[in-house]
K.L.:
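Once you've had a glance at the structure underneath, I'll fire off some questions.
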Number of protein chains: 2
Amino acid sequence: MVTIKDIAEMAGVSRTTVSRVLNNSGYVSEDARKRVEKVIEETSYAPSEHAKSLRTKKTKVIGVILPTIQTETPSRIVTGLGKELSENGYQILLANTNLDKAKELEYLELLRLRQVDGIVLIATNTESELLDKIKTLNIPVVIVGQEVEEDIMYVTYDDYHAARDLTSLLIQRGHSKIAFIGVDEADRSVGYLRKKGFLDEMKASGLTVEPEWVQKAIFNINSGHHAMENILSKAVDTPTATIAVTDRLAIGAMSYLRENGIGIPDQMAIAGFGASEMSQYLIPSLTTIDYQNEMAGEEAAKQLLAKLHSKKYQEQIILSYRLLVRDSV
Amino acid sequence: MVTIKDIAEMAGVSRTTVSRVLNNSGYVSEDARKRVEKVIEETSYAPSEHAKSLRTKKTKVIGVILPTIQTETPSRIVTGLGKELSENGYQILLANTNLDKAKELEYLELLRLRQVDGIVLIATNTESELLDKIKTLNIPVVIVGQEVEEDIMYVTYDDYHAARDLTSLLIQRGHSKIAFIGVDEADRSVGYLRKKGFLDEMKASGLTVEPEWVQKAIFNINSGHHAMENILSKAVDTPTATIAVTDRLAIGAMSYLRENGIGIPDQMAIAGFGASEMSQYLIPSLTTIDYQNEMAGEEAAKQLLAKLHSKKYQEQIILSYRLLVRDSV
DNA sequence: CCAAAATGTGAAATCGATTCCATAAAAACG
DNA sequence: CGTTTTTATGGAATCGATTTCACATTTTGG
């Protein structure tokens with residue numbers, strides 16, 4: 001391997017001068033600079049990142065912790081992150097928890113050891129153990145997808161109002177009996193806020209929600225299927241519309257309806273969240289909320305980069321959303 | 001930051017001895033070991049990866065280059081990779097080309113500079129420029145999804161026979177006029193081999209294929225939609241079945257059929273490749289090929305790890321597949 | 001009991017960069 | 001012209017680990 005020492009010798013200067021050329025710092029004569037640059041060019045030399053990191057304590061690596069890479073939301077966020085980061089010479093060290101909550105903590109520690117310059121956490125919970133750990137890290141962290149207390153950076157979505165809007169749409173379309181397929185409320189954004197938006201909007205419109213209409217599912221298609229089955233078998237008063245907190249849950253619900261010959265949207269309207277790619281190709285196409293996840297990734301990257309370069313940038317970002325009204329309602 | 005020097009001082013030994021404890025190497029007395037371990041425990045010290053890498057030339061990082069993170073195949077591969085690698089203490093440095101072929105070369109170089117221990121390339125082409133670059137790297141590289149010349153490691157799928165089997169299934173079901181939605185043949189696995197399997201099986205069964213039945217698409221749902229439109233509008237003799245080289249293309253084709261009131265599978269049978277999660281929830285459920293991408297990722301990781309530890313492991317792997325026969329044929 | 005082998009330890013070199021500091025030559029200034 | 005200031009350069013320390021080597025002590029074996 002060719003090192004800075006070799007370059008220095010070949011160009012007839014000291015390592016210091018080579019370093020100056022490399023980093024564009026300090027004084028260096030036009031003559032010396034040219035000789036060094038020529039040698040660098042000829043040898044296709046590139047400085048060792050490790051030696052650099054050891055000395056400067058900067059790695060140009062951002063750690064990304066995500067629950068799974070196999071659903072669209074995190075994938076889109078990572079795409080957005082990747083774009084913004086790579087433009088600025090940063091790379092992504094990936095840590096996939098496979099939905100194992102304990103691993104979030106573990107990976108935070110691992111990334112600290114790797115001395116990443118910053119961390120993006122695509123979070124599924126906001127437990128205090130996690131937040132405490134983040135604060136002790138001494139590394140800039142951005143949380144994506146959850147709103148947290150003031151002194152941690154985050155970028156999230158306006159889940160509450162999205163849910164209210166979606167509910168409001170269904171009410172406008174004449175529905176008064178609306179079911180809800182949610183997830184565990186430990187996931188504040190998806191579990192708690194979307195449910196709260198739904199309930200508040202129902203209440204605001206003077207509508208009641210039967211307990212059997214509200215189902216708790218987990219994040220997969222089958223769970224949506226099962227939830228819809230529960231709704232229809234347990235409810236005394238059958239609802240005419242259902243909101244599912246993710247498109248995948250909505251898809252599961254739709255498959256149950258289809259299997260049982262229940263017409264969508266005539267006998268049961270349905271709506272989801274997330275604007276999955278498939279949602280527009282379903283029959284009928286699915287009404288859903290588009291959260292612009294890629295932009296969330298880009299914003300998170302910008303927050304982190306600003307922090308790393310001691311520049312100002314909004315540290316708490318709540319992104320807006322678009323309501324995609326389609327044939328399922 | 002607490003360093004090895006601090007630990008040495010606190011435990012009353014030299015840095016050398018601490019290093020010995022850390023790496024379980026050389027002679028170290030029970031007494032000294034205990035003291036060092038105690039101090040390490042108390043300080044929650046962890047050695048700097050950069051200092052280590054600088055000295056040992058090992059980073060415990062594997063670079064992964066992929067065309068996109070937003071489709072299921074690469075996501076599953078990365079999941080498989082991640083599992084196997086993290087179990088062995090390796091981490092993933094992600095490089096997303098966003099389907100920009102030039103970036104594959106660029107990232108190979110970047111990962112070399114980062115001194116990753118190995119590289120996994122989820123490839124969409126096998127051009128000689130790429131292969132040449134790989135050979136000059138002096139880093140173990142595994143290519144996933146493409147078969148390449150002998151002296152490069154790869155793990156891929158038996159695309160050719162999968163395509164023949166799928167074609168054979170349609171022929172058995174009584175179809176003799178079968179259309180094909182493919183992609184550019186520069187992608188040898190998806191573009192060339194799947195097409196060749198289809199054509200060979202047709203020929204072997206004495207069936208002819210009209211030129212209009214064979215469409216070339218790109219990797220997105222709309223392109224499948226458009227290809228099906230082409231097939232039906234241009235063909236003089238209308239086919240009764242269509243094979244699409246990805247599930248997404250099949251989904252696009254199905255949406256066109258649906259829009260035009262063409263029954264599936266009665267008027268047009270359809271089949272895809274890849275066993276996307278959605279494929280089983282489509283109406284009708286889609287017949288497809290399951291490639292077990294996660295396992296491919298795991299195998300690639302095993303190949304790489306074996307190479308890194310100078311152990312023997314099969315360097316060219318062609319994984320089998322399962323034919324999922326469902327309602328769309 | 002003495003030589004050889006095994007065990008235990010630390011000083012110092014090393015990896016490949018950056019950066020502090022000293023020094024010298026050239027340019028600017030009064 | 002003598003004194004600052006600016007420009008240019010390199011020596012050496014440093015970052016935090018591993019590893020080579022030398023040396024001392026203990027154990028083993030004939």
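Heavy-atom basis, side chains included; hydrogens, waters and symmetry copies ignored. Please read these numbers as outputs of a predicted model, since none were measured by experiment. Here is the naming used below: chain letters follow the sequence lines, and residue numbers restart at 1 for every chain.
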K.L.:
Go through C:dT9, C:dT18, D:dT6 for me and flag the one nearest to the A:N23 side chain.
P.N.:
C:dT18
K.L.:
Under 4.0 Å, counting only non-hydrogen atoms across every strand here, what does A:K5 touch: a base, just sugar-phosphate, or nothing?
P.N.:
nothing
K.L.:
Would you kindly compare B:G12 and B:A51 by the position of their nearest DNA chain C nucleotide and give the one closer to the 5′ end?
P.N.:
B:G12
K.L.:
With respect to the side chain of A:R55, which nucleotide from D:dT18, D:dA13, D:dG10 is positioned closest?
P.N.:
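Closest nucleotide among those given: D:dA13.
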K.L.:
Is the base of C:dG8 touched by the side chain of B:R33 through a donor-acceptor pair closer than 3.5 angstrom?
P.N.:
no
K.L.:
Taking only the side-chain heavy atoms of A:I4 (C-beta and beyond), determine which of C:dA17, D:dG16, C:dG8 contains the nearest atom.
P.N.:
C:dA17
K.L.:
Hey, does the side chain of A:Y27 come within less than 4.0 Å of D:dA8's phosphate (OP1/OP2), counting only N and O?
P.N.:
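It does not, given that no N or O in the side chain of A:Y27 lies less than 4.0 Å from OP1 or OP2 of D:dA8.
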K.L.:
Determine the contact category for B:V18: base if any of its heavy atoms lies under 4.0 Å from a base atom, sugar-phosphate if only primed atoms, P, OP1 or OP2 are that close, otherwise nothing.
P.N.:
nothing
K.L.:
Using a cut-off of less than 4.0 Å, is there contact between a side-chain N or O of B:Y45 and OP1 or OP2 of D:dA17?
P.N.:
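It does, given that an N or O in the side chain of B:Y45 lies less than 4.0 Å from OP1 or OP2 of D:dA17.
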K.L.:
With no hydrogens and no angle check, do the side chains of B:T79 and A:Q70 hold a donor and an acceptor under 3.5 Å apart?
P.N.:
yes
K.L.:
In whole Å, I'd like the distance from the CZ atom of B:R20 to the C1' atom of D:dT19.
P.N.:
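B:R20 atom CZ is separated from D:dT19 atom C1' by 9 Å.
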K.L.:
Would you kindly give the CD-to-P distance between A:Q115 and C:dA17, to the nearest whole Å?
P.N.:
18 Å
K.L.:
Can a side-chain donor-acceptor contact be found between A:E72 and A:N293 if the only test is distance below 3.5 angstrom?
P.N.:
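Checked: A:N293/A:E72 side chains show no N/O donor-acceptor pair below 3.5 Å.
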K.L.:
Starting at atom CG of B:D6, determine the distance to atom C1' of D:dC15, rounded to an integer number of angstrom.
P.N.:
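Atom-to-atom, B:D6 to D:dC15, this comes out as 13 Å.
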K.L.:
Could you tell me the separation between the CD1 atom of A:I7 and the C1' atom of C:dG16, rounded to a whole number of Å?
P.N.:
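In whole Å, C:dG16 C1' lies 12 Å from A:I7 CD1.
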K.L.:
Check the phosphate of D:dT9 against A:S29, side-chain N and O only, distance under 4.0 Å to OP1 or OP2. Yes or no?
P.N.:
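Indeed, a polar side-chain atom of A:S29 lies that close.
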K.L.:
Classify B:T17 by what it touches in the nucleic acid, base, sugar-phosphate, or nothing, heavy-atom distance under 4.0 Å.
P.N.:
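Sugar-phosphate, backbone atoms only, no base.
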K.L.:
Would you mind telling me which of C:dC15, D:dT9, D:dG16 lies closest to the side-chain atoms of B:K57?
P.N.:
C:dC15
K.L.:
For the pair made of NZ in A:K58 and P in C:dG16, what is the distance, rounded to whole Å?
P.N.:
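For the pair A:K58 NZ and C:dG16 P, the rounded distance is 23 Å.
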K.L.:
Using distance alone, with no hydrogens and no angle criterion, decide if B:Y291 and B:D159 have a side-chain donor and acceptor under 3.5 Å apart.
P.N.:
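Distance-only check passes for B:Y291 and B:D159.
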K.L.:
Can you see whether A:Q146 engages A:D187 through a side-chain donor-acceptor pair at a distance of less than 3.5 angstrom?
P.N.:
yes
K.L.:
From C:dT18, D:dA17, C:dC20, pick the nucleotide closest to the side chain of A:S19?
P.N.:
C:dT18
K.L.:
How long is the line joining CZ of A:R35 and C1' of D:dG10, in whole Å?
P.N.:
13 Å
K.L.:
Just the rounded figure in Å: distance from P of D:dT18 to CG of B:L54.
P.N.:
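Answer to the nearest Å: 12 Å.
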K.L.:
Name the one of A:T59, A:L304, A:L305 that satisfies side chain to side chain contact (heavy atoms under 4.5 Å, CB included) with A:Y90?
P.N.:
A:L305
K.L.:
Between atom CG in A:L22 and atom C1' in C:dA17, what is the gap in whole Å?
P.N.:
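Checked: the CG to C1' distance equals 9 Å.
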K.L.:
Of the nucleotides C:dT9, D:dC15, D:dT19, which one has an atom closest to the side chain of B:T56?
P.N.:
D:dT19
K.L.:
For a quick test of reading the model: is some side-chain N or O of B:T16 closer than 4.0 Å to OP1 or OP2 of C:dG10?
P.N.:
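No, because none of the side-chain N or O atoms of B:T16 sits under 4.0 Å from OP1 or OP2 of C:dG10.
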K.L.:
Picking from D:dA17, D:dA8, C:dT19, which would you name as closest to the side chain of B:R15?
P.N.:
D:dA17
K.L.:
Taking side chain as C-beta onward, heavy atoms only, is B:T3 less than 4.5 Å from B:S48?
P.N.:
no
